Amino acid sequence: MKRTKLILSIMMVFTLIFSLGSSVFAADFPPGDYKGELKKEDQVDWVRFVVPKGVKGVTFKLTLTSPGGQIYKVSLYDADKQISLKSVEQDITGTYTSLKENTAYYFRVAVKSGYSTDGNHNYNLNAYYTK
């Protein structure tokens, strides 16, 4: 019984930590660019999108627009924000080709684990669907 409570407590803390940050639904994204800003080291931005009919994949790339010198990462997550399907560091193009139509997915933008930030950083997330 105590072990079950401990496991549930740990899962609740993990869920709370995992869900911190801002979340936005970008109805017209992708295709194109999404501009955002991370204001502190532990901030995470979640950008939600729903896959239209006939789409099977997405190609994406994160770039810092100002200031530079930091290491950021973009990850593609499932609708529950539980499974990372693909992750790449900034300035590297990622591709995922197993999207499901009419299903929500998320891009997660954050400072790469183990790195710190020195202040506000603007970023550009560029993404396009593939058929």
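The structure displayed is predicted, hence computed values, not measured ones. Numbers here simply count residues along the sequence, with the first being 1.
Between the CG atom in N122 and the CD atom in E37 there is a gap of 5.0 Å [rounded to 0.5 Å]. Taking CD from E89 and OG from S75, the interatomic distance works out to 10.5 Å, rounded to the nearest 0.5 Å. Note that the NZ atom of K73 and the CD atom of Q90 stand 12.0 Å from one another [nearest 0.5 Å].
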### Message
Let's go through T130 and V55 carefully: what are the C-alpha distance in whole Å and the side-chain angles of both, what is the deciding distance for side-chain contact (heavy atoms from CB on, under 4.5 Å) to 0.1 Å, and is it a yes or a no?
### Response
CA-CA 6 Å; T130 57; V55 169; 6.0 Å; no
### Task
Please report the C-alpha distance between R108 and V44 in whole Å, then the side-chain angles of each, then the deciding distance to 0.1 Å, and finally whether the side-chain contact (heavy atoms from CB on, under 4.5 Å) criterion is met.
CA-CA 7 Å; R108 179 184 186 268; V44 174; 3.5 Å; yes
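Of all non-hydrogen atoms in L38 and A110, the two that sit nearest each other are CD1-CA, 3.9 Å. Across A127 and V58, no two heavy atoms sit closer than the pair CB-CG2, 4.2 Å. Scanning all heavy atoms of the two residues, the minimum distance from V51 to Y129 falls at CA-OH, 4.1 Å.
With Y96 as the aromatic partner, K86 does not meet the cation-pi criteria of under 6.0 angstrom to the ring centre and within 45 degrees of the ring axis.
Partners of F60 according to the ring-ring contact (aromatic ring centres under 6.0 Å, His included) rule, which considers only residues two or more places apart in sequence or in another chain, are F107. When the side chain to side chain contact (heavy atoms under 4.5 Å, CB included) test is applied to D78, the partners found at least two apart in sequence or on another chain are D80, Q82, I83. Partners of Y105 according to the side chain to side chain donor-acceptor pair (under 3.5 Å) rule, which considers only residues two or more places apart in sequence or in another chain, do not exist here. Remark: A104 pairs with R48, V50, A79 by the side chain to side chain contact (heavy atoms under 4.5 Å, CB included) rule, at least two apart or across chains. K53 pairs by the side chain to side chain donor-acceptor pair (under 3.5 Å) definition with nothing, not counting sequence neighbours. Remark: T63 engages K61, D91, N124 in a side chain to side chain contact (heavy atoms under 4.5 Å, CB included) (not counting sequence neighbours). S84 pairs by the side chain to side chain donor-acceptor pair (under 3.5 Å) definition with S87, not counting sequence neighbours.
Side-chain atoms of V109 and Y123, non-hydrogen and from C-beta on, do get closer than 4.5 Å to each other. Taking 4.5 Å as the limit, some side-chain heavy atom of L99 sits within range of a side-chain heavy atom of L76.
Hydrophobic clustering (side-chain heavy atoms under 4.5 Å, transitive across Ile, Leu, Val, Met, Phe, Trp, Tyr) keeps V88 apart from Y128.
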